[in-house]
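Throughout, protein chains are lettered first and strands after them, A, B, ... in sequence-line order, and every chain is numbered starting at 1.
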There are 2 protein chains.
Amino acid sequence: MIGRGRTGNTKFVKQMNREGILHQLRQEPRLSRAELAVKTNLSRPCVSALVEEMIQEGLIREVGTGESRGGRKPILLEYNVQAYAVVGAVFEGSELEMAVADMKGEMIAQRHARLKQPVDGDSALKALEETLAHLLAASGIDRDRVIGIGVGLPGITQRRSGTVSHAPSTGWMDLPVGREIEERLRLPVVLDNDVNMMTQGEFSGGAGAGVSSLVYMYVGTGIGAGIILDKQLYRGSREASGEIGYMRIGDSPARRKGEFGVFEKNFSVTGIHGKAKALGLAVDPEVSILQQLIRLSGEGSAPAKVLLNEVYHGWASGIANMVSVLDPEMLVLSGEMLHLDEAGLDRIRELLLEWVPVVPDIRLAELRERAGLMGAVHSVLEAHSFAGTPGVS
Amino acid sequence: MIGRGRTGNTKFVKQMNREGILHQLRQEPRLSRAELAVKTNLSRPCVSALVEEMIQEGLIREVGTGESRGGRKPILLEYNVQAYAVVGAVFEGSELEMAVADMKGEMIAQRHARLKQPVDGDSALKALEETLAHLLAASGIDRDRVIGIGVGLPGITQRRSGTVSHAPSTGWMDLPVGREIEERLRLPVVLDNDVNMMTQGEFSGGAGAGVSSLVYMYVGTGIGAGIILDKQLYRGSREASGEIGYMRIGDSPARRKGEFGVFEKNFSVTGIHGKAKALGLAVDPEVSILQQLIRLSGEGSAPAKVLLNEVYHGWASGIANMVSVLDPEMLVLSGEMLHLDEAGLDRIRELLLEWVPVVPDIRLAELRERAGLMGAVHSVLEAHSFAGTPGVS
DNA sequence: TTACTTTGTTAAAATAACTAACAAATTCAA
DNA sequence: TTGAATTTGTTAGTTATTTTAACAAAGTAA
């Protein structure tokens, strides 16, 4: 695992100031030492010294001179995004998606692999290893320059111990996955579950770029949410935050042992399919249920209209509950909700305006299937505080 | 307002280390310099110097010697809780409750005042001023030794600007209350709404002492919640977190303009009274509705039983929703919920076990009407990072 | 009484940031 | 064209804070 390891104390200030400079340089690409001094509230000599150090390390580069503003021309500095690289990996069913990115989170190379069935821990590790080798070869990046790897796994992840408690499809159950990958790949590992990774992805490189709190809502076979508060992923006291499938929304028939949550039961893709079947609608389980409902409604089907409205109502209720509790700045909708059309989105916004006093900015996820990978990459950058550093304002 | 004002940078480390020492000393009352050095990872000379400084300032005291552990006897140090004092104040309707406390949050003197009706800003300020003078005189505390005052106000508070947007009962509407109190009392002010203050109170000196995340749920004429995550109060992006009265729980009849939230409408004290009336139950509006329902149920009233069950169900649903979203370590119930008996509490716990995968520790608030005051006091200590400092672990 | 421990202090060294002063490079106006 | 003003970057010396090393003070135990 990557961790800052707050060693002693006095070097800590220097580290903070270095991060402050890098942070500014990441926000605005071309700055002079003098401008950095102003923005970081450090003295010019101090900035010069730290910059010199980081140029030696390859973290920063001088890139020509800028326009004079009545005096000597400034030497412009740039954050060298190619100094190091990070790797992201996402397991999804028997598929593995993997990418190398620069330190801005920009993808350099990407590669897909299919795991052989049935998936077990060893074959997954092997796939990771091989795909990594391929990627590094293809992008011409030296292994020593890789900072770490972020891995997204389905199921609940206990990050503290690096153990995955519940990752059904990859054959990893209660294994110290983190350590295992670390040993096999000889790279620092950041582990998290898939929804958290996607959340981080949309937050740092998608719809939520720039906001400081955000809820990422995913509707698939289940319903889950990722939560970012104060620019930090919030995981809950038992890593179970955002398990919104368990909210009490919709009909709640007598629950059988070990069954899904009520919200999920009613308004996940499977839930909606069930309702459609009960209404006698002819729907294809292979195609987006929402798209089909919208089409059927457009064609005048009364039961489709009813169900579509019910779905909007259900999803909006879920959103209303989260918004009431958290008051996030933005809500990002994903999964099946990506098929919402403008009318549907407006309907949901309309319901929320009726129900809650403050409505967040609601939008669709932008990264689609790339969200997980993007998040995995950014989780490594984040762990190194190479991203979104607070700085010494 | 009190704020740390991160000036330069290098003094920041010293401040951090001082706080680290104080933090340790607050956790374990009698420690030697050598022990502090170990616990804070600072060198002994450094600890000595910082301790010396703080002894001069009166923050720390030497209190005799301890047992030898094979060598020279240690000189024991103690955090001097009486070095300074803090003041807490809570407005509630036309009542003002106020107290002085030491730096451990222990109340030294307390006093009640009734504002003259109708309440306006000026009379409230006057009451604050007079009561403060009384308290200081009674407790013999010098005004210079007061660090600041925490003020709890009903309604939504915009803390950033120190403006209260909505404080119906005190006659303060859209006024920069913070600055006004600051000028009048010549003390740093920490302002917050009443639920947040109560939450902070239960967190730092009540049922939630020691946990790192907690939800405080209050049922009165409305329903609201205070949220603590990572030992910090979470306020939301527009200071509207915990407005759980707007959750979609229970019947949702057509909402009229500007009307309450659904959850609140159904399961606040007023909501339950409405339901009781509709069921033809004879209840006294002056007495706890829950107590009456429990009594009537015990006496065999069928409609009371039905309603009581509905109330448990409704409250548990609200809790389930919050727990699904937040996964807090603990849930503290307050307001009308304080009248829950063991059977009622168990019923709620039972429902939650059925509905959500992880159930937090659920308990009743311990501080009752003192919660707000306690929170006001602790909010000042917190603002000075004299409480719960992270330290240099 | 002597050897060994633990605690606390002193003195010198090490870090890292700041101030002041200045050199370098450029604009602009006389 | 020249010199004053301005902005950028560096050098040198000062200050603040922590660490290391050494030692004195005060015990314990054999």
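One interatomic measurement links the two molecules: CD of B/Glu53 to C1' of D/dA16, which rounds to 11 Å at whole-angstrom precision. Taking atom CD1 of residue A/Ile21 and atom P of nucleotide C/dA17, one finds them 9 Å apart after rounding to whole Å. Taking atom CD1 of residue B/Ile55 and atom P of nucleotide C/dG8, one finds them 11 Å apart after rounding to whole Å. Look at CG on A/Leu76: it is 13 Å from C1' on D/dG9, rounded to the nearest Å. Distance B/Leu31 CG to C/dT6 P: 17 Å, rounded to the nearest Å. Taking atom CZ on B/Arg18 and atom P on D/dT17, their separation rounds to 10 Å, with Å as the unit. A/Met16 places its CE atom 16 Å from the P atom of D/dT17, with the value rounded to the nearest Å.
Cation-pi check for A/Arg26 over A/Tyr79 is met; the charged atom lies under 6.0 angstrom from the ring centroid and within 45 degrees of its normal.
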- Query: Reading nucleotides 20-30 of chain D from the 5' end, what letters show protein touch, with B for base, S for backbone sugar-phosphate only, - for no heavy atom under 4.0 Å?
  - Reply: BB---BBBS--
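Exactly one residue among A/Val38, A/Leu25, A/Ile21 makes a side-chain contact (heavy atoms from CB on, under 4.5 Å) with A/Leu31. That residue is A/Leu25.
Applying the 4.0 Å criterion to OP1 and OP2 of C/dA16, one finds that A/Asn17 has every side-chain N and O outside that range. Using a 4.0 Å cut-off, some side-chain N or O of A/Arg33 falls inside it from OP1 or OP2 of D/dT10. Checking the phosphate oxygens (OP1, OP2) of C/dG8, no side-chain nitrogen or oxygen of B/Ser48 falls inside 4.0 Å.
Looking at B/Lys14 and B/Glu19, no side-chain N of the basic residue comes within less than 4.0 Å of a carboxylate O on the acidic one, giving no salt bridge. The pair B/Arg238-A/Glu329 does not meet the salt-bridge criterion, since no charged nitrogen lies less than 4.0 angstrom from a carboxylate oxygen. Ion pair A/Glu35/A/Arg30 not flagged as a salt bridge, since none of the NZ, NE, NH1 or NH2 atoms sits closer than 4.0 Å to an Asp/Glu carboxylate oxygen.
Between the CD atom in A/Glu182 and the CG atom in A/Leu187 there is a gap of 8.5 Å [rounded to 0.5 Å].
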